[in-house]
Amino acid sequence: MIIREAKDYNNMSRIGANIVSAQVILKKDSVLGLATGNTPIGVYKQLIKWNAKKDVDFSSVKTFNLDEYIGLSKENKNSYYSFMWSVFFKHINIERDNVYIPDGMAENISDECLSYESKIKQFGGIDLQVLGIGRNGHIGFNEPSDCFKRDTHAIDLTPSTVEANLSFFENAAKMPKSAITMGMGSIMRAKKILLLCSGKEKADVLNQAILGDIDPLIPASILQLHSDVTVVADAAALQIYKGNSK
Ligand code: PGA
């Protein structure tokens with residue numbers, strides 16, 4: 001695991017965008033695994049600028065998003081579909097047919113999970129998976145649990161995740177309590193992983209994920225078993241890790 005310290009959020013975003021660009025420049029038909037949340041927004045903004053300058057070309061790139069709420073339509077402003085299009089996809093030269101996001105409105109959610117997983121395999125797997133980390137250590141919506149779930153699956157969100165994401169919704173009743181997420185196997189099969197982390201409120205969980213036992217109660221800890229993970233985190237997020245790794 002490579003730990004790369006960034007000065008602050010902007011610096012983290014620039015380094016993260018450099019890693020994503022390098023991937024796409026080296027392999028123009030890369031399969032990218034993408035994340036939602038506040039953390040990767042700066043990376044997407046930087047990539048949009050470089051795409052406008054023609055420094056990075058997304059015309060042959062395929063993307064798979066980590067997760068989606070169950071019960072929110074694509075048009076719903078809180079769906080991850082809406083988030084990804086408004087924050088990133090509509091500003092770059094990606095082909096609509098090359099974008100994959102789980103369908104939270106699918107009639108049969110189990111079938112949707114199976115078909116999502118098989119589409120990832122069909123394209124040869126993910127070349128670079130971008131991840132954030134939740135305050136409870138989740139990656140995607142793989143919540144703390146007694147086991148690591150392997151493939152794309154439906155999951156009930158934990159109270160801490162509901163609390164963390166509630167501010168995006170008008171009220172608690174409007175926030176879905178379940179989601180589809182890529183599984184730990186889906187993530188761990190990615191050839192490379194980029195974990196982004198910013199802010200002191202993540203310092204404790206990031207430290208546990210990097211230095212603690214591999215424990216499904218801290219889902220991100222499984223990343224220690226992957227052979228090509230780069231963590232790009234700002235100084236605030238690395239505070240506790242730095243104290244413990246001396
Ligand atoms: P955040 O979410 O980037 O909004 O902090 C991260 C996550 O929950 O994975």
Side-chain angles (χ1 to χ4, degrees), residues 6 8-17 20 32-47 63-70 72 77-84 86-88 101-102 104 126 128-145 148-149 152-153 155-169 175-184 186-188 190 193-210 216-223 229-239:
D8 52 23
Y9 179 82
N10 286 340
N11 186 225
M12 176 203 78
S13 301
R14 200 172 170 90
I15 297 168
V20 176
L32 300 179
L34 297 181
T36 50
N38 292 314
T39 311
I41 290 176
V43 169
Y44 297 147
K45 282 191 175 150
Q46 187 61 64
L47 290 170
T63 64
F64 282 88
N65 260 82
L66 280 167
D67 44 18
E68 178 61 283
Y69 290 113
I70 292 177
L72 294 193
K77 70 176 174 35
N78 288 124
S79 69
Y80 286 163
Y81 181 96
S82 285
F83 175 96
M84 287 306 298
S86 69
V87 168
F88 191 36
I101 300 175
I126 289 169
L128 174 66
Q129 175 68 56
V130 178
L131 294 175
I133 178 171
R135 287 189 234 163
N136 62 2
H138 74 198
I139 47 178
F141 272 138
N142 290 277
E143 298 284 52
S145 155
F148 293 109
K149 288 265 192 220
T152 302
H153 60 284
I155 190 152
D156 291 329
L157 305 176
T158 61
S160 97
T161 299
V162 172
E163 191 201 315
N165 293 356
L166 199 54
S167 60
F168 297 103
F169 293 84
M175 176 165 177
K177 307 293 183 303
S178 58
I180 296 176
T181 181
M182 276 165 54
M184 289 303 201
S186 335
I187 293 169
M188 290 291 281
I193 293 180
L194 166 63
L195 176 68
L196 302 164
C197 188
S198 169
K200 63 177 185 332
E201 60 289 351
K202 301 268 180 79
D204 183 40
V205 81
L206 183 62
N207 172 59
Q208 290 185 66
I210 302 174
L217 290 174
I218 304 289
S221 62
I222 200 172
L223 299 175
V229 176
T230 303
V231 177
V232 181
D234 62 17
L238 282 172
Q239 238 168 38

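When a ligand or atom number is given, it counts from 1 through the structure's own listing order. Owing to the predicted nature of the structure, the values given are computational and were not obtained by experimental measurement.
- Taking a heavy-atom cut-off of under 4.0 Å, ligand 1 is surrounded by Gly37, Asn38, Thr39, Gly132, Ile133, Gly134, His138, Lys202.
- Closest heavy-atom contact between Thr161 and Met175: O-CE, 4.3 Å.
- For the pair Ile193/Ile187, a side-chain contact is recorded, criterion being any heavy-atom separation below 4.5 Å from C-beta on.
- Contact annotation: the side chain of His153 approaches that of Thr181 to within less than 4.5 Å [non-hydrogen atoms, C-beta and beyond].
- For the residue pair Asn65 / Thr36, no side-chain donor-acceptor distance below 3.5 Å is found, with atom types taken as modelled.
- For Asn207, the side chain to side chain donor-acceptor pair (under 3.5 Å) partners are Asn244, not counting sequence neighbours.
- No side-chain heavy atom of Asn78 sits less than 4.5 Å from a side-chain heavy atom of Asn165.
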